[in-house]
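Structure in structure tokens, see below.
Keep in mind that what you see is a predicted model, and the values were worked out from it rather than measured. Just so you know, ligand 1 is whichever comes first in the structure, and atom 1 is the first atom listed for that ligand.
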Amino acid sequence: MPVSGLPPYDDANIFARILRGEIPAKTVYEDEWAFAFHDIAPQAPTHVLVIPKGRYCSFADFSATASAEEIAGLFRAVGKVAKDLGMEADGYRMLANMGQHGGQEVPHFHVHLFAGRPLGRMIPAG
Ligand code: 5GP
């Protein structure tokens with residue numbers, strides 16, 4: 001069920017629980033700013049989620065209220081994960097869903113990384 005992606009932040013959301021270690025995740029990378037883990041329902045041979053450690057509901061919230069350090073930290077982590085997982089040679093897609101029409105389902109900002117096959121059109125027809 002899509003969410004609005006707007007504050008207030010819900011500390012009970014599934015990615016907040018993963019960050020607190022309450023729910024297991026297949027960790028790919030972690031640093032001061034970001035945490036990356038495999039998506040539970042992969043939509044490509046490799047499908048990883050990269051999330052900020054801060055409490056941000058969506059890209060709308062993150063881009064407006066995160067510090068410059070947090071923003072740089074998150075996006076450097078996205079690039080590092082893609083490189084370290086060997087995605088650069090054949091290419092990859094990064095994507096962030098925001099709100100109802102974006103199809104965002106988890107109200108903690110996350111960047112999807114997809115790789116491992118040609119990924120087709122940016123937006124499916126229909
Ligand atoms: P969204 O639609 O919000 O952009 O994407 C949410 C993503 O989170 C989906 O791709 C979904 O498969 C993934 N997801 C939902 N619950 C869990 C979970 O408990 N663990 C992991 N690793 N991924 C999850």
For Asp39 and Pro42, the nearest pair of non-hydrogen atoms, with its separation, is O-CD, 3.6 Å
Residues around ligand 1, heavy atom under 4.0 Å from any ligand atom, sorted by chain and number. Can you pull those?
Ile14, Phe15, Ile18, Phe37, His38, Asp39, Ile40, Ala41, His47, Leu49, Asn97, Gly103, Gln104, Glu105, Val106, His110, His112
Verdict with supporting geometry, His112 and His47, side-chain hydrogen bond (donor to acceptor under 3.5 Å, both in side chains)
CA-CA 7 Å; His112 296 257; His47 181 176; 2.8 Å; yes
Ala34 to Gly73 - nearest heavy-atom pair and separation
CB-O, 4.5 Å
Is the His108 ring parallel, tilted or perpendicular to the Tyr9 ring (thresholds 30°, 60°)?
perpendicular
Hey, are Lys53 and Glu70 close enough for a salt bridge, meaning a charged N less than 4.0 Å from a carboxylate O?
no
ring-ring contact (aromatic ring centres under 6.0 Å, His included) partner of Phe109, chosen from Phe59, Phe15, Tyr56
Phe59
